[in-house]
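Below is one structure; the comments refer to it alone.
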Number of protein chains: 2
Amino acid sequence: MKGLTELLKGVLEGIVLQKIGQGETYGYEITQYLQSIGFEDIAEGTVYTVLLRLEKKELLHVEKRKSELGPPRKFYTLNDSGKYELDKFWEKWFFLSRKLNEIKENDSK
Amino acid sequence: MKGLTELLKGVLEGIVLQKIGQGETYGYEITQYLQSIGFEDIAEGTVYTVLLRLEKKELLHVEKRKSELGPPRKFYTLNDSGKYELDKFWEKWFFLSRKLNEIKENDSK
DNA sequence: CATACTACTTAGTATTACTATTTAGCAAAG
DNA sequence: CTTTGCTAAATAGTAATACTAAGTAGTATG
């Protein structure tokens, strides 16, 4: 899907939070995951900037450990602030989602 | 609803296009409409910048006419490019919406 | 004449995703 | 031993977009 860039703003951060919330993971794996579920146009670099931003906001617990293959990985889990932000994200998303559906429905009347 | 700013990026433009697509309207009315359906935090200035952007992209037909009350209004309708963009917007929105639902569902498994 | 409501504009800022490049560890092929 | 390829992370610079805040103006009401 092309041209999602602007729509992704704000959303991508939520997706990454959600993925981390499902269990310890790291940047490269998150990138692969996004590709696999259909976000083919999201580049690696983009994911890492999101992760660094989330780190800066102190929403993540970080642990750098050696990998069995390749260079060391930074493993992430959500801390309490991260879990809170994730909840907030879904609240906002569902609010917006509901509104947009209403607006669209209004069409056929 | 607070803190929607980042989620609104890309979406607001679509909402405005949709509103114009439902019939000739103008900035102030669009602002009132957004307030009325629950987007209380979207300021007037924001709507006007969206409208000017859409004008610049040549997605709108514009007509400045006198108002019965107050200063003249700029009345907008969608031109063909505008209708096309609106369709594209909904495509992108529903793609994203479906993905997000899938991601969220995955939770309960 | 002052106030309120209508209506639009614009300058400056913050946030965020993208592109492109860089650095680096490890393994297998040649 | 060198090259290639995959894994893994970081970063500088750019573009798009919503926000804040302030301003300009027309009309009506008291």
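Throughout, protein chains are lettered first and strands after them, A, B, ... in sequence-line order, and every chain is numbered starting at 1.
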Answer with yes or no whether Lys9(B) presents, from its side chain, a donor or acceptor under 3.5 Å of a partner atom in the base of dT15(C). yes

Rounded to whole Å, how long is the line connecting atom [atom1] of [X] with atom [atom2] of [N]?
| X | N | atom1 | atom2 | result |
| --- | --- | --- | --- | --- |
| Glu13(B) | dA18(D) | CD | C1' | 11 Å |
| Glu6(A) | dA14(C) | CD | P | 19 Å |
| Ile15(A) | dA17(C) | CD1 | C1' | 12 Å |
| Glu40(A) | dA17(C) | CD | C1' | 17 Å |
| Arg65(A) | dA9(D) | CZ | P | 11 Å |
| Leu7(B) | dC19(D) | CG | P | 11 Å |
| Lys2(A) | dA17(C) | NZ | C1' | 15 Å |

Can you tell me how far apart CD1 (Ile42(A)) and CD (Glu44(A)) are? Round to the nearest 0.5 Å. 12.5 Å

Would you call [X] and [Y] a salt bridge, using N to O less than 4.0 angstrom?
| X | Y | answer |
| --- | --- | --- |
| Glu85(B) | Lys88(B) | no |
| Glu91(B) | Lys2(A) | no |
| Arg73(B) | Glu29(B) | no |
| Glu13(B) | Arg53(B) | yes |

Relative to Tyr33(B), does Lys19(B) satisfy both conditions: NZ or CZ under 6.0 angstrom from the six-membered ring centre, and within 45 degrees of the ring's axis? yes

Under 4.0 Å between a side-chain N/O of Tyr26(B) and OP1 or OP2 of dA7(C), yes or no?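 Yes.
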
So, does Lys74(A) get its side chain near the phosphate of dA10(D), meaning an N or O under 4.0 Å from OP1 or OP2?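 Lys74(A) to dA10(D) OP1/OP2: side-chain N or O found under 4.0 Å.
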
How bent is the helix from dC1(C)-dG30(D) to dG30(C)-dC1(D), comparing axes over its five end pairs at each side, to the nearest 10°?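 The angle, to the nearest 10 degrees, is 10°.
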
Of Leu54(A), Val50(A), Leu12(A), which is the lone residue that meets side-chain contact (heavy atoms from CB on, under 4.5 Å) with Leu17(A)?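 The residue from Leu54(A), Val50(A), Leu12(A) that satisfies side-chain contact (heavy atoms from CB on, under 4.5 Å) with Leu17(A) turns out to be Leu54(A).
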
Take nucleotides 19-30 of chain C nucleotide by nucleotide from the 5' end and write B, S or -, depending on whether a protein heavy atom sits under 4.0 Å from the base, only from the sugar-phosphate, or from neither. BB---BBS----

Residue [X], side-chain atoms from C-beta onward, closest of [options]:
| X | options | answer |
| --- | --- | --- |
| Tyr28(A) | dA9(D), dC8(C), dA15(D) | dA9(D) |
| Tyr48(B) | dC8(C), dT10(C), dT17(D) | dC8(C) |
| Thr5(A) | dT7(D), dA17(C), dA18(D) | dA17(C) |
| Arg53(A) | dC18(C), dT16(C), dC19(D) | dT16(C) |

Provide the closest heavy-atom pair for Ser67(B) versus Pro71(B) in the form atom of the first, atom of the second, distance.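 Taking Ser67(B) first and Pro71(B) second, the nearest heavy atoms are CB-O, 3.3 Å.
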
Examine the side chains of Glu55(A) and Tyr76(A) and answer whether a donor and an acceptor come within less than 3.5 Å of each other. yes

